[in-house]
Amino acid sequence: MQFATWNVNSLTVRLNQLLDWLAANPVDALVLQETKLTDDKFPHADLEAAGYQSQWFGQKTYNGVALLTKVGSTDIVKNIPGFADDQARVIAGTVPHDSLGSVRLVGCYFPNGQAPDSDKFVYKMAWLTALEAWLQDELSRHPNLVLMGDFNVAPTDADVYDPIGWKDQIHCTVEERAHFDKLVGLGLTDAFRLFEQAPKPWTWWDYRNLAFRKNQGLRIDHILVSDALKARTTACAIDKAPRKNERPSDHAPVIVTLA
DNA sequence: ATGCCTTGCTTAGCAAGA
């Protein structure tokens, strides 16, 4: 099976690119971030015509997440239970799996955090702490779990084009990386690093400064697999192709393959 | 460099992203 994550930075602008991508990459499930749509505007009919059933959770202007699956998903959760949040950042659901029975998919748009000394950073830390507590619970109920999305964290200096320039900057702080390690400590593995990868494996490139052309980016979109799924994970790759589109998202999709 | 794009909201610049 294949699962993927993609921050589309406005589903309104990127719908046709998404449909093209799904036609070329018929993954079993895809989580989206930054749909930037209220729920009444979600294009579920277009996605259904493309062979995908949608679960969605959005808001006006900002954030917004969705879970698209070929065969449908159950036990949907929107945002972190018990964590009061007016921002739409989490959608989780369960999909059937031939030999495992089922796999729990958790799609997240982690807070950006803006700057280490900002209120938004304080919110990011609180959100991460709440996510960890909930995921510990989720993992106990669903050993076969995949956590994927835009983490807005570059886990190591190898995930940053200019580690010196980005040192202690947002996405690269000690505190954010400690939270990433905490997620790993729950029994999750960065699927991308299970495999040998080409250097400069970014998932995001700034729209400014010709960053994509110069390949100046960060690896901040991730897929983490639970211990029970680790041995069945056979590939994980970033698809840079959509970043070359006209009017692209600034993020590229990441795909994991499970046996 | 309080900049550089892009998006949404609203219609001229902001807020926010990363």
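Scope of the values below: all heavy atoms of this structure, side chains included, with no hydrogens, waters or symmetry mates. In what follows, chains carry the letters A, B, and so on, assigned in the order in which the sequence lines appear, proteins first and then strands, with residues in each chain numbered from 1.
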Just distance, no hydrogens or angles: give the donor-acceptor pairs under 3.5 Å from side chains in residues 190-201 of chain A, sequence neighbours left out.
unit_1	atom_1	unit_2	atom_2	d
A:Asp190	OD1	A:Phe192	N	3.3
A:Asp190	OD1	A:Arg219	NH1	3.3
A:Asp190	OD2	A:Arg219	NH1	3.4
A:Asp190	OD2	A:Arg219	NH2	2.7
A:Arg193	NH2	A:Asp159	OD1	2.7
A:Gln197	NE2	A:Phe192	O	2.8
A:Gln197	NE2	A:Cys236	O	3.1

Whole-Å distance between [N] [atom2] and [X] [atom1]?
X        : N      : atom1 : atom2 : answer
A:Asp250 : B:dA16 : CG    : C1'   : 12 Å
A:Arg247 : B:dT6  : CZ    : P     : 9 Å
A:Leu32  : B:dT7  : CG    : C1'   : 17 Å
A:Gln17  : B:dT6  : CD    : P     : 12 Å
A:Glu246 : B:dT7  : CD    : P     : 12 Å
A:Glu34  : B:dA15 : CD    : P     : 18 Å
A:Trp205 : B:dT6  : CH2   : P     : 16 Å
A:Asn245 : B:dT6  : CG    : C1'   : 15 Å

Selection from B:dC5, B:dA18, B:dC4 that lies nearest to any side-chain heavy atom of A:Tyr207:
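Between B:dC5, B:dA18, B:dC4, the one nearest the side chain of A:Tyr207 would be B:dC5.
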Candidates B:dA16, B:dA18, B:dT7 - which lies nearest the side chain of A:Arg14
B:dT7
Under 4.0 Å, heavy atoms only, any strand: does A:Asn7 hit a base, just the sugar-phosphate, or nothing?
sugar-phosphate
Electrostatic pair A:Arg141-A:Asp137, nearest N-O below 4.0 angstrom:
yes
Does [X] have a side-chain nitrogen or oxygen under 4.0 Å from the phosphate oxygens OP1 or OP2 of [N]?
X        : N      : answer
A:Arg208 : B:dA18 : no
A:His251 : B:dG17 : no
A:Tyr109 : B:dA16 : no
A:Asn9   : B:dT6  : no

Minimum heavy-atom distance between A:Ser118 and A:Gly113, given as atom pair plus value
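In terms of heavy atoms, the two residues are closest at OG-O, 3.0 Å.
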Start at the 5' end of DNA chain B and walk down; is the nucleotide closest to A:Asn112 or to A:Val13 reached first?
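Mapping each residue to its closest nucleotide by heavy atoms, the 5'-most match is A:Val13.
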A:Ser10 vs A:Phe110, nearer the 5' end of DNA chain B by closest nucleotide
A:Ser10
Separation between the [atom1] atoms of [N] and [M], rounded to whole Å:
N      : M     : atom1 : answer
B:dA16 : B:dA1 : P     : 25 Å
B:dG13 : B:dC4 : P     : 15 Å
B:dA18 : B:dT7 : C1'   : 14 Å
B:dA15 : B:dT2 : C1'   : 14 Å

What I want to check is whether an N or O donor and acceptor connect the side chain of A:Asp206 with the base of B:dA18 at under 3.5 Å.
no
Under 3.5 Å, is there a donor-acceptor pair linking the side chains of A:Asp221 and A:Trp204?
no
side-chain contact (heavy atoms from CB on, under 4.5 Å) involving A:Ala4 - partner list, sequence neighbours excluded:
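A:Ala4 satisfies side-chain contact (heavy atoms from CB on, under 4.5 Å) with A:Trp21, A:Val27, A:Leu30, A:Ile255 only.
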Listing request: all side chain to side chain donor-acceptor pair (under 3.5 Å) pairs with a residue in residues 70-82 of chain A, at least two apart in sequence or in separate chains.
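Counting only pairs at least two positions apart or across chains, no side chain to side chain donor-acceptor pair (under 3.5 Å) contact touches residues 70-82 of chain A.
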Quick one: which residue pairs count as a side chain to side chain donor-acceptor pair (under 3.5 Å) with a foot in residues 28-37 of chain A, not counting sequence neighbours?
A:Thr5-A:Gln33, A:Asn7-A:Glu34, A:Asn9-A:Lys36, A:Glu34-A:Tyr109
Tell me, please, which residues at least two apart from A:Arg232 pass salt bridge (Lys or Arg N to Asp or Glu O under 4.0 Å).
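With neighbours one apart ignored, the set is empty.
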Give the residues of residues 57-66 of chain A touching DNA chain B, defined as any heavy atom closer than 4.0 Å, sorted by residue number.
A:Lys60, A:Thr61, A:Tyr62
